[in-house]
Amino acid sequence: MEYKVSFVNYKQQYRNLKEEMDKKIQKTLEEGNLILRGDVEEFEKNLAAFVGTKYAVGLNSGTDALILSLRAAGIKEGDEVITVSHTFMASIASIVHVGAKPVLIDVKEDFTIDVNEIEKAITARTKAVLPVHLNGRVCNMERIMEIAKAHNLIVIEDAAQALGAEFRGKKAGSFGLAGCFSFYPAKILGSYGDAGAVTTNDETVAEKVRLFRDHGQKTKTEIVCFGWTARLDNLQAACLNVKFKYLPEWIKRRREIASLYGKGLSGIPQIQSPYALSDSDHFDVFQNYVLRAEKRDGLFSFLKEKGVETLIKDPIPCHKHPNLNLSNFSLPFSEQLAKEVISLPMYPELTQEQIDYVINCIGEFYSK
Ligand SMILES: Cc1ncc(COP(=O)(O)O)c(C=O)c1O
């Protein structure tokens, strides 16, 4: 089905960058620069400078960024890590993959971790907090760092959805021991496949993640630990470097679209728009534009009929999947959100006409 407004539009972004991108891809292939070449290094420099950390290490996904950061931080079997259920499953899975136990708590109105719940969840086994900057909004990192300091906990930020987002002037991925980013195609900065990175100010963490991503090889002949294949592909890095210079412009456009959606939808009492939560502490980058909507499933079907593609990402909360052994957690607000949230199309290439159309269709649904 051809949508009037699709949920993502990879083709249009490629068309806009085609000349520059094709040239870069061709050059990279002609030079045979495929694994850990200069483009990866250049990307790491770009990312560290943008986020404001000393180091960035390119990886092949955001999930690897989380797993390898937790491992580099020494999180292991028997440890507990506090995070949220209202997130993409990778935040929780990464904790399980290092052998630790995820301890899930609720989020607040803006979908970020409820900082008032963190201390209640701390036990003698708690080693880390993993806040998730969901939808492009940074958690209250000042409070989280205070709690972490008071209880001697490590903080690993899941910044997969928050490249460029800030809390009180400081960027996502620069607060904790490590920040974990995803460059999945739909992300603010998206590759042409899978890609991720860790940012950190800690030299040891950077070094460990670098070793882990490449089989523990310090040099071609010296292996200092067991590792994985988790490198950022050089070709993806080359493409990401082309896109990097557009990042500020794309973020600006996302914020403009959020403002247009926010204003256009403000008169509809049946929905709550994230734009209404904008405040001076947060610089949101709107990776996703997620509404809380009455009659959410009806709205989804109506918009589909109208040619507007939306996404109901997690109708089952992460902790309610029966095979994952997480159902002991009771998180009323996260469970409520799973029934209410719906993501609207949000990408810089959206036209004014498309934005107006989405707003009008939502208005039409609730005026029926
Ligand atoms: C919050 C969050 N954490 C982690 C990830 C995992 O990233 P990746 O898909 O690159 O492994 C994602 C990806 O969508 C995400 O949104």
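Ligands are counted one by one from 1 in listed order, and the atoms in each one are counted from 1 as well. Sequential numbering from 1 along the given sequence is applied to the chain's residues.
- For ligand 1 and Ser61, the ligand atoms under 4.0 Å from any heavy atom of the residue are 10 (O), 11 (O).
- Residue contacts with ligand 1: Asp158 is included, with a non-hydrogen atom under 4.0 Å away.
- Within the 4.0 Å heavy-atom criterion, the part of Ala160 lying near ligand 1 is the side chain and not the backbone.
- The part of Val132 lying near ligand 1 is the side chain, judged by heavy-atom distances below 4.0 Å.
- The pair Lys171-Glu166 meets the salt-bridge criterion, since a charged nitrogen lies less than 4.0 angstrom from a carboxylate oxygen.
- Under a 4.0 Å criterion applied to the non-hydrogen atoms of Ala90, ligand 1 contributes the atoms 4 (C), 5 (C), 6 (C).
- Here the heavy atom of the protein found nearest to atom 5 (C) of ligand 1 is Phe88 CD2, 3.5 Å.
- Ionic pairing of Lys339 and Asp297 is not present here: no N-O contact between side-chain nitrogen and carboxylate oxygen is shorter than 4.0 angstrom.
- Geometric assessment of Arg253 against the ring of Tyr246 yields a negative cation-pi assignment under the 6.0 Å and 45° thresholds.
- The shortest contact between atom 11 (O) of ligand 1 and any protein heavy atom is with Thr63 OG1, 2.5 Å.
- Between Phe365 and Phe302, the angle of the ring planes lies from 30° to 60°, which puts this pair in the tilted group.
- A cation-pi arrangement is present between Lys243 and Tyr192, with the terminal nitrogen or guanidinium carbon under 6.0 Å from the aromatic centre and inside a 45° cone about the axis.
- By the 3.5 Å distance cut-off applied to N or O atoms, Leu66 is not counted among the residues near ligand 1.
- Comparing Lys313, Gln287, Gln161, Lys187 against atom 13 (C) of ligand 1, the shortest heavy-atom distance belongs to Lys187.
- The side chain to side chain donor-acceptor pair (under 3.5 Å) test with Ser91 singles out one residue from Asp158, Thr83, Thr63, and that residue is Asp158.
- In this structure, Lys108 forms no cation-pi arrangement with Phe333, as its terminal cationic atom is not both closer than 6.0 Å to the ring centre and no more than 45° off the ring axis.
- For atom 9 (O) of ligand 1, the closest non-hydrogen atom of the protein is Ser182 OG, 4.0 Å.
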